[in-house]
Amino acid sequence: IQILIFCGMVDFGLYRADESRDPGDYENAGILGVPNASGPMSDVEGRKRKLNSELANGRLAMVAITGMLFQNGMFGTTGPAMWGFGS
């Protein structure tokens, strides 16, 4: 129950949606949403580059986990046992 209270406090306290700002651009958030008192990025191109990098990394992670699931379905394992090192 503590995690639900914490999530509620973050969602409704720290990151409140403001209609005058872009979606996901919260007033209290730092760089990329990490509240570290750094403030929002003033460099528009740098912010755009970092957000695009974050999206690309997320997509790569999704492709990687899909590959691991496919490998597990085909061979029954994703670890060293598939290569003959396990039991």
Side-chain angles (χ1 to χ4, degrees):
I1 191 117
Q2 291 173 341
I3 190 73
L4 295 176
I5 292 171
F6 174 74
C7 290
M9 288 173 57
V10 168
D11 196 32
F12 295 111
L14 185 62
Y15 295 136
R16 289 199 150 260
D18 187 4
E19 297 297 325
S20 65
R21 300 173 76 97
D22 291 333
D25 184 18
Y26 300 109
E27 183 178 0
N28 295 329
I31 296 174
L32 295 178
V34 179
N36 58 1
S38 62
M41 290 184 69
S42 58
D43 181 21
V44 176
E45 285 300 316
R47 182 175 190 270
K48 190 176 196 179
R49 184 178 51 82
K50 287 186 178 188
L51 288 173
N52 284 335
S53 297
E54 188 70 22
L55 282 173
N57 287 337
R59 290 176 181 147
L60 180 63
M62 287 188 281
V63 169
I65 195 69
T66 302
M68 288 181 68
L69 290 171
F70 180 76
Q71 184 177 0
N72 194 0
M74 287 293 288
F75 301 107
T77 182
T78 56
M82 184 182 80
W83 301 105
F85 298 115
S87 55

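What you are looking at is a predicted structure, and each value in this text was computed from that prediction instead of being measured. We count residues from 1, following the sequence as given. Keep in mind that the numbers below use all heavy atoms, side chains included, and drop hydrogens, waters and symmetry copies.
Considering CG of N52 and CZ of R47, their distance stands at 10.5 Å, rounded to 0.5 Å. Interatomic distance, CD1 of I65 versus CG of N72, reported as 9.5 Å (0.5 Å rounding). N57 contributes atom CG, which lies 11.0 Å from atom CE of M62 (distance to the nearest 0.5 angstrom).
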